[in-house]
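The structure appears below as structure tokens.
In what follows, residues are counted from 1 in the order of the sequence shown. Note that ligands are numbered from 1 as they come in the structure, with each ligand's atoms numbered from 1 the same way. What you see is a predicted model, and the numbers here were worked out from it, not measured in a lab.
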Amino acid sequence: MNTDRFTVLLFDLATGKGERVQVEGRDRVAGGSGLAALLFDRYGQPGAAWDAPEQPLIFAIGPLTGYFPLMSKTICAFISPYHHQYTESHGGGRSAMALRLTGLDALVVIGRSPGPCFLEVGSTHAHARDCGFLWGLDVFETGKVLRRMSKGSGHRSILRIGPAGENGAAIAGINIDTYRHFGRLGGGAAMGAKNLKAIILQGDGVLQLPQGNRYATLFAEVHNQVTASGMMKKYHDLGTPANLESLNDLQSLPWRNLQATADEAVEHISGQRFAEEALLRNSACSGCPVGCIHVGFVREKFMDSHRYLYRQVSYDYETIFSLGSMLGVTDMSGVLTLLDLFEKAGMDAMSAGVALAWATEATAKGLLSVQETVVPLTFGDCASYRQAAHSFGNGLNEFYRLLGQGALKAAAVYGGEDFACVLGQEMAGYATGEVFFAAQSLGFRHSHLDTGGYSYDQQHADKDVDAAVAFLVRDEASRAFMTSMVACLFARNVYTDTLMAECLQALGYDGLAATIPECAAHIQKLRWQTRFASGFHPASISIPKRFFQVATWKGPIDPQYLQALQAEYGRAICALAGR
Ligand code: SF4
């Protein structure tokens, strides 16, 4: 086999036709993040609008997908409706394995369908089908209908959008197999703009495993390392919600639109509390023995009856932060109910919660009234948030449609930019300090996972700008390689460069195995070049005042340190992109 080649399906929704093409470059970009940037360079239109029909929507996996544990993520790349620049969103579920079993390294969707459609891709077929009857349905109903309609025999994954994506909300996500998402920066709207309601990946091919003992022995070793590493316990038992109490203890958990960073009410929404009272079961992405997905339940009473409907909702730290502490909601079933509503609408629950928190403070300050928000918004008032979530998720009035473009867009009209908790996009739940605030603001995906800025804050009370920026640049390069593999980042301590090189060699990727550091540096540079070409510049990012008013375990934020970090990290990013 030619190990430098990728197999890519290029599908044009305008014509309803697809073709498999071979693309060279494995040794330079590995797959996943690197491959997505390579494909955007080939098929993307950096100067065109985010919703121009020719803009590609890219899904890419890595060379180890399906062959080793936790190589279970897919990269989705597109021009974001949020900031109109190139971005990536990462998701798991069954998507990566299903794509592997179609025989593809990547799927590139271009064109706009004349009407609502879904795309089905298998190892020997690819076709778009009309589905006007699905348009307007929520994410769960859509999943139900598509599962009934597509009776394939393979390992199937269903990606779909809800009303938020159809309506062009810049914080609409793509749901993957009910419990996972390409959540952030508007992938749902990128799909909706193509009239693409869903993609069914019908993994009906066969995965040939390498012959001989070498692969089998290495697989067993990696599996043992993963299961013995402590990951199983940490991520399986309480999962990421364990962070609520520890971040609250560190005065780093955003409460009520980041007006506070700790509150003793955390005990009502702690990981322990969710595990004891709301957890139904754990679930896992394909190929993952850890199973960090926590599925809880909410109970809904039927009107005028004593009967109840139980709904299953997956929760994690980020969504408990955004729909719990950030809104002052400290009732577990209230958090899960809000989460369920945003899930149904297909809206990123992290961004939605943070945007609603801004609207709540704007209401308290007299900038908004029920004329805009439909119901009066008050921190902690879950009943009002339920109604607001329905209006917001489904874009039922002009105000909520504007809020769906992001809190800063709404603040530009109504005022309140100073307290919009936006760091490139709505903040992740880490008020850990200056390094994280600079890192999310300027990070490639504006994600807490771009770098370990939040953990750097927790370990360093010093204010060494050069050391912090050097850490961010170095850490980003290694994560960029991991997301080109495409590994779950929870496994980053297991998959060292040495172990990844062994895994690559076991599959015959000797060239790539020998050049991991060079390849990581190349991918990091390529991604930034792609982002700059689509309009990004660090100088265009400003950090709202609210972040300068926060106090963490290190004391009040030091404005000079934060500004120096922002300037220096911006310079480092420009240097990476050759600007
Ligand atoms: S640890 Fe969790 S997110 Fe990561 S692959 Fe496993 S189930 Fe998926």
Practice item. Provide the number and element of each atom of ligand 1 under 4.0 Å from a heavy atom of R180. Key: 3 (S)
Practice item. Quick one: pull up CZ in R445 and CZ in R531 and give me the separation to the nearest 0.5 Å. Key: 11.5 Å
Review point. Considering all heavy atoms of both residues, which atom of M485 and which atom of T65 are nearest to each other, and what is their separation?
Key: O-OG1, 3.9 Å
**Study point:** Flag for S33-T483: side-chain donor and acceptor within less than 3.5 Å
**Key:** yes
Point to revise | Sub-2.8 Å protein N, O or S atoms surrounding atom 4 (Fe) of ligand 1 | key: C488 SG
**Study point:** Under 3.5 Å: donor-acceptor pair, side chain of N175, backbone of I161
**Key:** no
Check your understanding: salt bridge (Lys or Arg N to Asp or Glu O under 4.0 Å): which pairs involve residues 478-504, sequence neighbours left out?
Key -> D475-R479
Exercise for review: Taking the six-membered ring for Trp and the single ring otherwise, decide whether the centroids of Y215 and F68 are under 6.0 Å apart.
Suggested key: yes
